[in-house]
Amino acid sequence: MAGEAQADCVFCKIVAGEIPSTKVRETEHTLAFRDINPQMPTHVLVVPKAHYPDAAALAVADPGLAGAVLAEAGRVAEEEKVVDSGYRLIFNTGSGAGQTVFHAHVHVLAGGGLHEKLV
Ligand code: 5GP
Ligand code: ZN
């Protein structure tokens, strides 16, 4: 069923506490934790606790939860004090675009190289 934990999903395991992570923020329905392989000084992942394969699928199934993930990304940026300098939110969607974990997540990136625009 949509949203149910997947046994083979690394982020479901992090949400369940079965794999350790460095928690940044937590709400009833979302979790923010540091990326294990940071690409910038600030590199935090925000996920819904429920499993959806990507951000668009999450938004279709539960727009409110998708909004909550985005709001949490903004709160992470505030807590990391990167709002003034700027930060970037990235949703890799599909393996062709670099998605490696098929549990919806947004990367919150800041602290270096953001002047190099992708688009
Ligand atoms: P994607 O490539 O799917 O957009 O992003 C997945 C991200 O999850 C990668 O940046 C990767 O470093 C991170 N990641 C993968 N496994 C783990 C893990 O076990 N713990 C943490 N904290 N991050 C992980
Ligand atoms: Zn999952």
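Order of appearance sets the numbers: ligands from 1, and atoms from 1 within every ligand. This structure is a prediction, so every number in the text was calculated from the model and none was measured.
- Of the protein's non-hydrogen atoms, R34 O, 2.9 Å is the one closest to atom 22 (N) of ligand 1.
- For H107, the heavy-atom gap to ligand 1 drops under 4.0 angstrom.
- Annotation: H105 places an N or O atom under 3.5 Å from an N or O atom of ligand 1; distance criterion only.
- Atom 3 (O) of ligand 1 has its closest protein heavy atom at T100 N, 2.7 Å.
- Taking the six-membered ring for Trp and the full ring otherwise, F11 and H105 have centroids separated by under 6.0 Å.
- Put simply, part of I14 is less than 4.0 Å from ligand 1, judged by heavy atoms.
- Between the SG atom of C9 and the SG atom of C12, the angle centred on the Zn ion (ligand 2) amounts to 110° when rounded to 10°.
- Using cut-offs of 30° and 60° on the angle between ring planes, the pair H107 and H43 is tilted.
- Backbone and side-chain nitrogen or oxygen atoms of V10 are examined, and none is located within less than 3.5 angstrom of a nitrogen or oxygen of ligand 1.
- Looking from atom 8 (O) of ligand 1 to the surrounding protein, the closest heavy atom is F11 CZ, 3.4 Å.
- Between the CG atom in N92 and the OG1 atom in T100 there is a gap of 7.5 Å [rounded to 0.5 Å].
- Contacts with ligand 1 closer than 4.0 Å are made by no heavy atom of I90, backbone or side chain.
- Ligand 1 has a nitrogen or oxygen under 3.5 angstrom from a nitrogen or oxygen of N92.
- At a 3.5 angstrom cut-off on N or O pairs, G98 counts as close to ligand 1.
- The N, O or S atom of H103 with the smallest distance to the Zn ion (ligand 2) is ND1.
- Taking the Zn ion (ligand 2) as reference, the nearest N/O/S atom within H51 carries the name ND1.
- Nearest protein heavy-atom contact of atom 17 (C) of ligand 1 is I36 CG2, 3.8 Å.
- Given atom 9 (C) of ligand 1, the protein heavy atom at minimum distance is D35 OD2, 3.3 Å.
- Assignment of Q39 to the shell around ligand 1 is not supported, since no heavy atom sits closer than 4.0 Å.
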